[in-house]
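Report on the following structure.
Order of listing sets the numbers, starting from 1, for every ligand and every atom in it.
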Amino acid sequence: MAPNEKTTADHLRDALDGRWRDVKNQTRVQLSKEAFRPHHTPNTVIARAKVAEQMQLMANAGISDEGFRKEHGGTGDVGAAITMIEMLAMSDLSLMVKAGVQWGLFGGAVENLGTERHGDYIKDIITLDLLGCFAMTETGHGSDVQSLETTATYDPETEEFVIHSETPTARKDYIGGAAETARMAAVFAQLITHEDGKPVNHGVHCLLVPIRDEDGNDLPGVTTSDCQYKGGLPGVDNGRIMFDHVRVPRVNLLNKYGDVAPDGTYTSPIDNPNRRFFTMIGTLIRGRVTVGGSAGAAARVALDIATRYALQRRQFSAPDDDDREVLIMDYLVHQRRLFPLIAKSYALQFAQNELVSKTHDLQTSDVVDAEEQRELEARAAGLKAANTWHASRAIQEAREACGGAGYMAENRLIALRADTDVFTTFEGDNHVLTQLVAKELLTAYADDIKSMSPVEWVRFAANTVGDRVMKRTAAEAIMQRIIDARQDSEEEGSLFNRGTQVSMFEDREDYLLSSVARRLQGKSKEMSAFDAFNAVQDHVLHAAQAHIDRIVLEAFVAGIDACPDPEARELLDVICDLYALSVIEEDKAWFIEHRYLSTERAKAVTRGINDRCRVLRPHARTLVDGFGIPEPLRYAEMLHPENLAD
Ligand SMILES: Cc1cc2nc3c(=O)[nH]c(=O)nc-3n(C[C@H](O)[C@H](O)[C@H](O)COP(=O)(O)OP(=O)(O)OC[C@H]3O[C@@H](n4cnc5c(N)ncnc54)[C@H](O)[C@@H]3O)c2cc1C
C-alpha cells in the first residue's frame, strides 16, 4: 500500500465522522494533548480542579465559541459545537458535562431564550469570565417541568422580579455548577404578574439570577449546597439552590417568548401558554442531541478497549496445541457479546450524524417549518434514549468482557460505566422521552398539539388514526430502491436482504402504531383520556422503540450508500446486517406472534447472527480502528503488558 493510501479503517472512520469530519479531526489533535489524557479519581476536589483547568485551556484555544451566533462573537456553526462537545466524552465525561452546561445549556438558554439586551453576556460565557448553571429541575419536579414551584413575581414599584422557592420541594436540585463554580443561574420559574390586583401565572419562563459574588459566597437570599458524592461524574459540582425573595432587574427575564413591560403588562408572540412553553423548550434541543452523542462516544471507547483486550487475552488451552491458549476473541460467545454492540454503535453514529446535521440546518435557518421542528424534537428525544441505553449496556458488557482487569480503574471501564449511568436520566428521562416520540408519531407531528392539554392530545391522537403516513428519514430514493429489491419469500436467505429487513422494521412500526391508535380510540370512549393512555402505555413505548430502530436502520443504509470505498462498504454491509438481525432477534417473540416470522426463519435469524460474527472476526481490529479514537484516549493499562514488569 502506498504511504498516503487510506486503509479500510480510515474509510470506515471517514464514513462514521460524517459532515463535521474536519472538526472531529481537529478535536482529535487537541484531545491527544497531555492535558486531556483520560484520568480517573473519585476525589471530587482533584477531579473538579482538573476539569476547571481543561475548560480554561479550551476557552484559551478559542474553541468554545462555535455554537454562538456571529453577532455574539461566535462562529455560528451549531453542528461544530455539538460535535466538539460530543468528542470530549472520549477524554472525560465530567469535562463533557461541564462544557455542555456552560456553553450548551447556560449559554444556549441565554442565546436562544434571550434577546439583544442579553447579547453582552455571551462574550463572557465563551471566555469563562461568567460561569453559569442551568437551574431547571427541582426536588419536587424533574420530568414534569411545567409544574415547577419556583416563582418569579413582578414588582412594578421597583421594576424587579422576586425569585422565591415557595416550598421545600421548590429547591433547585442536581444542578451542574451550582455547588461551587456558577456565579449566575438561568432559573426556570413560574412567571407571575398582577392584573387588577390579582396574580396571573403565565407559566414557566427563564430568568438570569446572580447567585454568587466574585469570592464565591452566596448572594443575599440565595442558599446553595453541594450534592457531594454521586454515582459518577466526580468533576461536576452538582448542587442545590434555594431562593428567599431574591430580587433581580426586570431585564433579567430572557424575553424572546414572553416579556413584561415596566408597568407589569405581560406580552408574548405566542398566546397559548402550552404552545409557548413547548416552543421555548424546543429551542433548547441541543443539550439533548449532545448528551446522546456523547453517550455514543463513550460506548465506542469501551467497546474499543474490550475488543483490543480480547485480541490479546488468552484463556484455556487450544485443543490441538498444548503450548498455546485460545484468544478470547476466538470464542463465538465473546464475538456474540461484542460484535452486535459494535454494530449498534455504527448504526447509532450514522443516525446521530443525520440528527446533528438536521439540528444545524434548522437552527441556522431563518424560516423553520413547524412539522420539521417537531420531527427534529422527536428524533432528538428518541436517539438520546437509544444512545444512552446503548451506552449503559455496551459499557457494562465491555467491562465484563475484560474480566477482573475490566474492574480496575486504570482500565477506564468502571469510570465510563459510572459516568454514563445518569445519561439515561438527565436531559430528559429515557422512558419519558420515548413517550414523547410516540406522542409525535401518533399525532403525525401536527403543530396543533403544542397548544393542547394532555386530555386534548389523547383525543386528537385517537382521531388521527388513519391519517398518519410513514415518513422515511433517510434519502427517500435510496430507501425506495432498497425496498423494491426486497425478497418476500419464506427462504432463509431473504432475511439477509436489506429490503426485506427494512420492510420488517417498517411493518412492525406501522402495525404497532396503528394498533395503539386503534386501542386508544376504543378506550377513549370508555374511560378518561388519562386512563386510556395509561392502559396502553407499554404498547406506546414499544411503538416508539420500533420507530427509533427503523430510523437508525435507514440512517445506516444511507451511510453505506455514501461510502466511496468498496471494501469498507462491504464490511459496513455485514455490520448493518448484524445490526438489523440483532434488532429482529431481540423482538423475535413479537415478530413470531404477529406472523412476520415463522419459527424456522426465527432460527435462521440466530444462525445469521452467528455467521456474521464469524465473518467479522478477522476484521475485529479494523472495526474498532474505524471508531477513530486517538490512541491516548483509548489507553488502558491492561492493553500494555510490556509495562507489567514495572
Ligand atoms: C448528575 C445529574 C446532573 C443533573 N444536572 C442538571 C442540571 O444541570 N440542570 C437541571 O435542570 N437538571 C439537572 N439534572 C436533573 C435531571 O434532568 C432530572 O433528574 C431528570 O429530568 C429526571 O427528573 P427526576 O429526577 O425528578 O425524575 P422523575 O421525573 O421523578 O422520574 C422518576 C422515574 O419515574 C418515571 N416517570 C416519570 N414520569 C413518568 C410518566 N409520565 N410515565 C412513566 N414513567 C414516568 C421515570 O421514567 C423515572 O424512571 C441532573 C440530574 C443528575 C442526576
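Contact check for K123 versus D129: no side-chain heavy atoms found under the 4.5 Å cut-off.
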**OP:** Run the numbers on F530 and F533 for ring pair (Phe, Tyr, Trp, His ring centres under 6.0 Å), then give the verdict.
**Re:** CA-CA 5 Å; F530 173 82; F533 186 73; 8.1 Å; no
**OP:** Report the C-alpha distance between Y266 and H205 in whole Å, list the side-chain angles of each, state the deciding distance to 0.1 Å, and finish with yes or no for ring pair (Phe, Tyr, Trp, His ring centres under 6.0 Å).
**Re:** CA-CA 12 Å; Y266 178 85; H205 288 63; 5.6 Å; yes
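Within the cation-pi definition used here (under 6.0 Å to the ring centroid, within 45° of the axis), K230 does not qualify as a partner of F426.
Side-chain N or O atoms of T420 include none that pairs as donor or acceptor with a backbone N or O of F423 at under 3.5 Å.
With L383 as the partner, the side-chain contact (heavy atoms from CB on, under 4.5 Å) test is satisfied by one option alone out of V289, L348, V437: L348.
Pocket lining of ligand 1, defined as residues with a non-hydrogen atom under 4.0 Å away: F134, M136, T137, G142, S143, Y174, I175, G176, N238, V422, T425, F426, E427, D429, H431, V432, Q435, Q537.
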